[in-house]
Amino acid sequence: MNVNDKQKTITKDITVLYFADLADEANCHEEKVSISQSTSLNELYEHLNARHHFSRPQSELRVAVNDYFVKWTEIINDGDQVVFIVPVAGG
Amino acid sequence: MNVNDKQKTITKDITVLYFADLADEANCHEEKVSISQSTSLNELYEHLNARHHFSRPQSELRVAVNDYFVKWTEIINDGDQVVFIVPVAGG
Amino acid sequence: MENSVNSPNKEVQDTDVHRQSMRINRGIDEAYALAERDGFALLDVAIDERKLREMLDNDSCGAFVSFEGRVRNHNNATSVERLSYYGYEALAINQGRQIIEEAKQKFDITHAVAIHRIGALEIGDIAVWIGVVSAHRYPAFDACRWLLDTIKADIPVWKQEYYGDESSKWLRNNG
Amino acid sequence: MENSVNSPNKEVQDTDVHRQSMRINRGIDEAYALAERDGFALLDVAIDERKLREMLDNDSCGAFVSFEGRVRNHNNATSVERLSYYGYEALAINQGRQIIEEAKQKFDITHAVAIHRIGALEIGDIAVWIGVVSAHRYPAFDACRWLLDTIKADIPVWKQEYYGDESSKWLRNNG
């Protein structure tokens, strides 16, 4: 077992995209994040919130994984793209 | 007082236009009608109904005088244009 | 409505007594000018939707709702070949002007324009066009729908469907 | 929402982190092909209303209802210079396809097409276009309105208004 294999067993590498207010606050559109196997979507948001100090609580957001809205209870898989969605304002 | 003046004092000359079913039944688009001074719009319809045997009772119709809808109680004046309006079907 | 079905022979005669109701008395440009001024007109040629939309351009309006009533190829289960609309133009114009005014009083809209076409129409042709602009979205929807219902109920226009065997029938509005 | 007002300096930075949300990843023709196939697409150029109408030509339909959301020159009492829309295209496409399918299940309509534009828009530009065709009139009105409400609630598109002093503000939908 080399170091890479060992890494894979304990973390997941995901991509997070930011839109609207969250992009301003994170000051980027996209970031790569490594999370532990057991990290939930809630925990991921709290983790990123600690880093970026988002102005919105998780309760105001929806979440999308791989370009579909999902429930906050959805499991994160290695390679997933996660997006926290602030209230939309189209039309 | 000549004959024409005498006529004017006792009758009104009006124009009646027909549309849709009524035009089919009257077999014309327009006719000139002389009516007595006291003829009401109801009476005018009954008079024309006796001549053309319309398939619709007056209760199903509206009436317009000089290009505006009016009440059936409206007074007819000499020179008026009267139109009985069967239920419309545009759109 | 059995007795409203006309035989082919009857139709020729019908066309005659209805001929004056298939044409408008003013020119096309005059009809559009009237639509621009009063918000309503009859037309006896194809409706130019772009001209009507231009009348409704307004930078203060975030919402534009339009309705087009098109000639369907069927009515209930019966196949339709074409349709003729007949109008009493002078009354339609007076009534239409009042309906547009009433819509502006009832709903929070900026402007509304409606045109009803008369004459012989083919499948797919636009028989009626209604456009409404407003600052916000719901009044435009509400006013457009109310205008359509009111035009169908109060504007003196009638229609006759023609079928494959050249028989025809006067129609009642059924939505 | 005091804290959502950005200073002119902040705006330059914003443009950077939002740049990828102002463009679509597919070509224009591809976007229209998607709208034709699934009934929904994002676009980052002016919406060609005629192309969308052609997708809705159907001889069995007597009713066509359309909605256009245009950029207003004001929001409440504030004068607006221009507006930028930002979209999460892949999610918008997936969500839009589902919304169009749901509209066809909920309402007695034949077809519906909707497009949302993203990028920098001027006053009067069309931000969203929705068209619905049906045999009869009420389902087309109901579906068009429902589609608009649902698009405004569920399609991941955001907007920022710009004012005369180049300050800007993220907007919430207020109708």
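Every chain is numbered from 1, with letters handed out A, B, ... down the list of sequences.
Across D/Tyr85 and A/Ala89, no two heavy atoms sit closer than the pair CE2-O, 4.2 Å. Closest heavy-atom contact between D/Trp158 and A/Ala20: CG-CB, 3.6 Å. D/Ala127 and A/Gly91 make their closest contact through CB-O, 4.3 Å (heavy atoms, listed as atom of the first residue, atom of the second, distance). Here the closest non-hydrogen pair linking D/Asp154 and A/Phe69 is O-CE1, 3.4 Å. Summarising the geometry of D/Ser21 relative to A/His29, their closest heavy-atom pair is OG-CE1, 3.7 Å, with the distance given to 0.1 Å.
Of the possible donor and acceptor atoms, none in the side chain of D/Asn94 sits under 3.5 Å from a partner among the backbone N and O of A/Tyr68.
For D/Glu68, no part lies under 4.5 angstrom from a heavy atom of chain A. In this structure, chain A has no heavy atom under 4.5 Å from any part of D/Ala92. Only the side chain of A/Val83 comes within contact range of chain D, judged by heavy atoms closer than 4.5 Å. For A/Ala23, the parts lying under 4.5 angstrom from a heavy atom of chain D are both the backbone and the side chain.
At most 12 heavy atoms of other shown residues, nucleotides or ligands fall within 6.0 angstrom of atom CD1 in A/Ile75. By the neighbour-count criterion of 12 heavy atoms within 6.0 Å, atom CG of D/Asp108 is sparsely surrounded, having that number or fewer from other residues, nucleotides or ligands. Annotation for D/Arg50: atom CZ does not count as buried by contact number, only 12 or fewer foreign heavy atoms lying within 6.0 Å.
Here OH of A/Tyr18 is found 13.5 Å from NE2 of D/His18. Values are rounded to the nearest 0.5 Å. Between atom CD of residue D/Gln95 and atom CD1 of residue A/Ile85 there is a gap of 9.5 Å, rounded to the nearest 0.5 Å.
With respect to chain A, the highest number of heavy-atom pairs below 4.5 Å among D/Val71, D/Leu91, D/Val157 belongs to D/Leu91.
In this structure the side chain of A/Val88 never reaches within 4.5 angstrom of the side chain of D/Ile155, judged on heavy atoms.
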